[in-house]
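Structure first, commentary second.
Whatever order the structure lists ligands and atoms in, that order sets their numbers, starting from 1. We number each residue from 1, following the sequence as shown.
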Amino acid sequence: MNIIELKKINKFFGQKSNRVHVLKDIELSVEKGDFVAIIGQSGSGKSTLMNIIGCLDVPTSGSYKINGVEVGKMEKDQLAELRCRTFGFIFQRYNLLTSLKADENAALPAIYSGLNAADRQKRAVELLNKLGLANKLNNKPSELSGGQQQRVSIARALMNGGEIILADEPTGALDSKSGEMVMEIIKDLHKQGHTIILVTHDKSIAAQASRIIEIKDGQIVADTRKSSEIYELKDKVENIQRSRIDAIKYSFLESLRMSIHAILANKMRSLLTMLGIIIGIASVVSVVALGNASQAKIMEQISSMGTNTIDIMPGTGFGDMRSGKVKTLKVRDSDYLAQQGFIVSSSPSVSASGTLVFENYSLTAQLTGVGDAFFEVKGKDIAQGRTFTEEEVSRIASVVVVDDNTRKEIFSDVPDPVGKIIMFNKKPLRVIGITEPENNTGPRADSMHLWTPYTTAMYKINGSNDINSITVRVSDAVNSQVAEESIENILTALHGKKDFFMINSDSIKQTIENTTNTMKLLIASIAVISLIVGGIGVMNIMLVSVTERTKEIGIRMAIGAKQRDILQQFLIEAVLICIAGGFMGVTLSMLIGLGFNTFSTNFGMDFSTTSIVLALVCSTSIGIIFGYMPAKNASNLNPIDALASE
Ligand SMILES: Nc1ncnc2c1ncn2[C@@H]1O[C@H](COP(=O)(O)OP(=O)(O)OP(=O)(O)O)[C@@H](O)[C@H]1O
Ligand SMILES: [Mg+2]
């Protein structure tokens, strides 16, 4: 039965005037189990014919059938499958992968056919042992002699069965003794049932085959049969499992291993390539962390103003020089506002400065008279005691709530200050509560605060009914902007003119949120640009990598790698570079954060897991996006062209 059938095969190379007709109407059938030698002068077209038979190249015209199946109609992946499982190549120059050891080189085709690592290794060792390389398993090609390398390549050809062995000048680069040894092995393979096609220009080597075909100027000029020994193929590899899923899995693992190897082999280059990604990711993560921290800080300070509160002050604005002297706000304004449906509470605020005396402490302090709702509105929690009641406000009770700073300042030796009497401007005030310490930072972090009912501050301490400001809490259901307008209308009507201004905690919050969001957008766009630049760097280096490794791609394709396998290998490499860059970027940013946090006491960097995960996802995507084009280029290479490159 004919395993190979060529009919009217023609092959041209080149275009137009450079067009050469290398194979002319080749008609050739090869029986299963035969040993055929193709002989001819240099340039006669032997290798071209061999490459067409081995599905590394395609004929310009004609029909080629393997086991009765037309090859011309096959997809690229099916051709790869044929190269992987049916053919075993032995090249004149061995074509081993220089970075792999002898056993790994021999085992390579089984990765693409889906054999598991243990069986792969077992079979590779078996084959190498049979070929007399038992003690050279761990040697790389550069540590082997030519004859030994050729034997490794024979082991590789047999790895997936090698039903048809294609040997193109297998002894061409060897001394006569090694050459004889290789020929003995090939003859032995014939006896084991492999179909052998051997190309040579040496008549004495051709003489060892069963059938000799002579080729001259692209035409078969002689076909002589010397013997017709046909053997049954013993080493059937059908019994080695052939799962598609496994092939994908092992090819993926192989790609991963090779990528790591390639990256580590060019450490400096990989690092420089990563630099763009590292800087991009580090700046994004750091800036987001800084932004988060500062925004949290600002928000914290704003929320200490209270939620949904509006402060009403006399004068025309903060810049108003007279505002300290303007006394246009009255308690009745506050009372009137408190009656409005959209206002939950309204409390006047009165400041008084004076001397605070307790036992042998005497110091200047600021006291604020507020309404009973003040503590709730401002979100101030009480650590000890209580706040004052509405009843105490109306009866002008001499009570005071102090903050933690005051407690530290004057009650440091007093275990329970609640109930103690302090003197403010010679007026006695009984301490009824102490607020929780505030985690405020900033220039006024340790200033002292004391609060009395505003009535007490006005009538007992200041001796006047002037108030400094009014704080209203707007109902949550009401838009604070609308509330602000209503208050403005009410007070303007009451006063006859607008002699006050308002600070709305919500609008401040909003303004800050808007600004930080704009900032974030700006930074994000800078980050995107830096990451694109980094990505282009990765793409560039991947294109270089593909060019450098074209030969390797050719070898892998010759032994059965599909386009997908090659694409995957380079894509993984690009992604790995980017992920490594991403990790380094995050680490760098963490280090910056560490330095920052040690030097700056009141302000930290806030690394969120989301931003780190996002950064890594981002760097992975860059690897995929920018690695795809070079990887696609690599996978689209023509096996024979890739193999021919140096
Ligand atoms: N890719 C190519 N482009 C153009 N011409 C080519 C190409 N490959 C081979 N040829 C030409 O085809 C002819 C046959 O080449 P081939 O390699 O098949 O010869 P060969 O018989 O194997 O010779 P040798 O014994 O030296 O290996 C040569 O004239 C060569 O120049
Ligand atoms: Mg040749």
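- For atom 30 (C) of ligand 1, no protein heavy-atom neighbour is present inside the 4.0 Å cut-off.
- Proximity of a side-chain donor or acceptor of Arg225 to a complementary backbone N or O of Arg211 within less than 3.5 Å is not detected.
- Annotation: atom 26 (O) of ligand 1 to nearest protein heavy atom, Ser42 OG, 2.6 Å.
- The aromatic ring centroids of Phe626 and Tyr628 lie 6.0 Å or more from each other.
- Looking only at protein heavy atoms, the nearest one to atom 9 (C) of ligand 1 is Phe13 CE1, 3.5 Å.
- By the 4.0 Å N-to-carboxylate-O rule, Arg85 lies too far from Glu163 to be salt-bridged with it.
- Distances shorter than 4.0 angstrom do not occur between any heavy atom of Gly40 and any atom of ligand 1.
- Checking side-chain atoms of Thr86 against main-chain N and O of Arg83 turns up no donor-acceptor pair under 3.5 Å.
- In the vicinity of Thr48, heavy-atom distances shorter than 4.0 Å reach the ligand 1 atoms 14 (C), 15 (O), 16 (P), 18 (O).
- Under a 3.5 Å cut-off, the side chain of Glu169 and the backbone N or O of Phe91 do not form any donor-acceptor pair.
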Apply side-chain hydrogen bond (donor to acceptor under 3.5 Å, both in side chains) to Thr200 and Asp202, showing your working. CA-CA 5 Å; Thr200 181; Asp202 186 333; 5.4 Å; no
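- The nearest heavy-atom contact from the protein to atom 22 (O) of ligand 1 is Ser47 OG, 2.7 Å.
- Under a cut-off of 6.0 angstrom, the local environment of NE2 in His201 is sparse, with at most 12 non-hydrogen atoms contributed by other residues, nucleotides or ligands.
- Distances from atom 25 (O) of ligand 1 to the heavy atoms of His201, Lys46, Gln41, His21 put Lys46 nearest.
- Taking 4.0 Å as the cut-off, Gly43 counts as a neighbour of ligand 1 on heavy-atom distance.
- Considering backbone and side-chain N/O atoms, Gly45 comes within less than 3.5 Å of an N/O atom of ligand 1.
- Ion pairing between a basic and an acidic side chain is recognised when a charged N comes within 4.0 Å of a carboxylate O; Lys177 and Glu180 show no such pairing.
- Between Asp57 and Lys11 there is a salt bridge, since a side-chain N of the basic residue sits under 4.0 Å from a carboxylate O of the acidic one.
- Using a 3.5 Å distance cut-off with no hydrogens or angles, the side chains of Glu70 and Ser63 do pair a donor with an acceptor.
- In Met50, neither the side chain nor the backbone holds a heavy atom less than 4.0 Å from any atom of ligand 1.
- Residue-environment remark: NZ (Lys65) stays at or below the threshold of 12 foreign heavy atoms within 6.0 Å.
- At a heavy-atom cutoff of 4.0 Å, ligand 1 is contacted by the side chain of Val22 but not by its backbone.
- The Mg ion (ligand 2) has Ser47 OG as protein N, O or S atoms under 2.8 Å away.
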